[in-house]
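These notes concern the structure reproduced below.
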Amino acid sequence: MLIKVKRGWEIPESAATAEAHFLNRRALLGGAAGLAAASLAGGAAAAVPGEGTGATRTADLYPAKRNAAYAIERPLTPESESADYNNFYEYGTNKTVTPASNALKAQPWTIKVDGLVEKPFEIGFEDLARKMALEERLYRHRCVEAWSMTVPWTGFPLAALVALARPTSGAKYIQMQTFLDKAMAPGQRSPFYPWPYTEGLTLAEANNDLAFMVTGVYGKPLLNQFGAPLRLAVPWKYGFKSVKSINRISFTAERPKTFWEGLQASEYGFWANVNPAVSHPRWSQASERVLGTDERIPTRIYNGYGEQVADLYKGLEKERLFA
Ligand SMILES: Nc1nc2c(c(=O)[nH]1)N[C@H]1C(S)=C(S)[C@@H](COP(=O)(O)O)O[C@H]1N2
Ligand SMILES: [Mo]
């Protein structure tokens, strides 16, 4: 886990093994590399893939009707590629998290909605999925590490969940968290991360049409490695904003501090909008490797979604919008 063996095809991107390198250094400085490695290796017993996901109970909702407004020019990334190349630190810091992620028990699953809302509540994942009108959208996804993919997510607009939550007038931000359970996620036994994984958006961003709560991909419920049973997709931002396996959504007056800010605020900020002209401190963001191909293509501002989202940032030019 901590010693990464590079394969040939990884080289263009290895300049950007951001998170892993940074964390390895911290672990070593802390003198706890061995401990972290040992705890990550000791994963919980594997379940049958797909079982324990939302699959068994919500499979009848798939495939959902594709919303043609979200078609894109690039071919879809084959599931065989995207389902075997994931970032999910709860299950390890390399891209092969699928075997370990079998330990994620995504059913039953409860989502807590709290903070500045008229009335805090909890809702079961299955109830939520059945309450919402699910649709399929083709989205680009651009990781801060300079790889990208194109996937058919199924889900519902985050704005519909905001409406269900009924935030009060003081609410300015929405914070989303991944579950916290060391027994279910061996990565969470490592003390070098500010668990649980936390992300956030402004309420205006959350209400933008593109902000999407994802329940499925490739025409079926999410497999564990994609962040079952419920994750976010905010395709104009770097991939780390798209938090997985969400079980708590809080409305706040203050800007929430995110997982990556907690680790390295100088490199991973709150806004994290994609911009090819603004380099990461340690590598260029000008282009991206397309998962499952030999291609490198130019990265686009807001990952190609500027028309839909650029207005959100008027008047915020002094903020660090692109990192
Ligand atoms: N809980 C959690 N959410 C997460 C991550 C993670 O490690 N843990 N990684 C993020 C990053 S860096 C990316 S690029 C995407 C990867 O999503 P994918 O594995 O479906 O491609 O998930 C994001 N959400
Ligand atoms: Mo990422």
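This structure is a prediction, so every number in the text was calculated from the model and none was measured. Counting starts at 1 for both ligands and their atoms, following the listed order.
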Contacting atoms of ligand 1, where contact means under 4.0 angstrom from a heavy atom of [X]:
{"X": "F240", "result": "10 (C), 11 (C), 12 (S)"}
{"X": "R231", "result": "15 (C), 17 (O), 18 (P), 20 (O), 22 (O)"}
{"X": "F88", "result": "1 (N), 6 (C), 7 (O), 8 (N)"}
{"X": "C143", "result": "14 (S)"}
{"X": "N86", "result": "18 (P), 19 (O), 20 (O)"}
{"X": "W147", "result": "14 (S), 21 (O)"}
{"X": "E90", "result": "1 (N), 2 (C), 6 (C), 7 (O), 8 (N)"}
{"X": "Y89", "result": "6 (C), 7 (O), 8 (N)"}

TODO: Given side-chain hydrogen bond (donor to acceptor under 3.5 Å, both in side chains), test N247 with W109 step by step and report yes or no.
DONE: CA-CA 8 Å; N247 77 352; W109 191 272; over 6 Å; no
Task: Test of proximity, N87 against ligand 1: N or O pairs below 3.5 Å - done: yes
Open item on the list: If I apply the N/O under 3.5 Å rule, does S242 come out as touching ligand 1?
Closed with: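 N/O-N/O distance below 3.5 Å exists for this pair.
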Open item on the list: If we count only N and O atoms by modelled type, under 3.5 Å, do the side chains of S148 and R74 hold a donor and an acceptor together?
Closed with: yes
- [ ] Heavy atoms only: give me the nearest S242-A233 pair and the separation to one decimal.
- [x] OG-CA, 3.5 Å
Determine, for [X] against [Y], whether the closest basic-nitrogen to carboxylate-oxygen distance falls under 4.0 angstrom.
{"X": "E145", "Y": "R289", "value": "no"}
{"X": "R142", "Y": "E288", "value": "yes"}
{"X": "D60", "Y": "R130", "value": "yes"}
{"X": "K220", "Y": "E136", "value": "no"}

Open item on the list: On a heavy-atom basis, I'd like to know which of E199, Q225, K244 is closest to atom 19 (O) of ligand 1.
Closed with: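 Heavy atom nearest to atom 19 (O) of ligand 1 belongs to K244.
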Task: Non-hydrogen atom of E145 closer than 4.0 Å to ligand 1 - done: no
Task: Ring centres under 6.0 angstrom apart (Y173, F251) - done: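 Distance test on ring centres: not under 6.0 Å, no.
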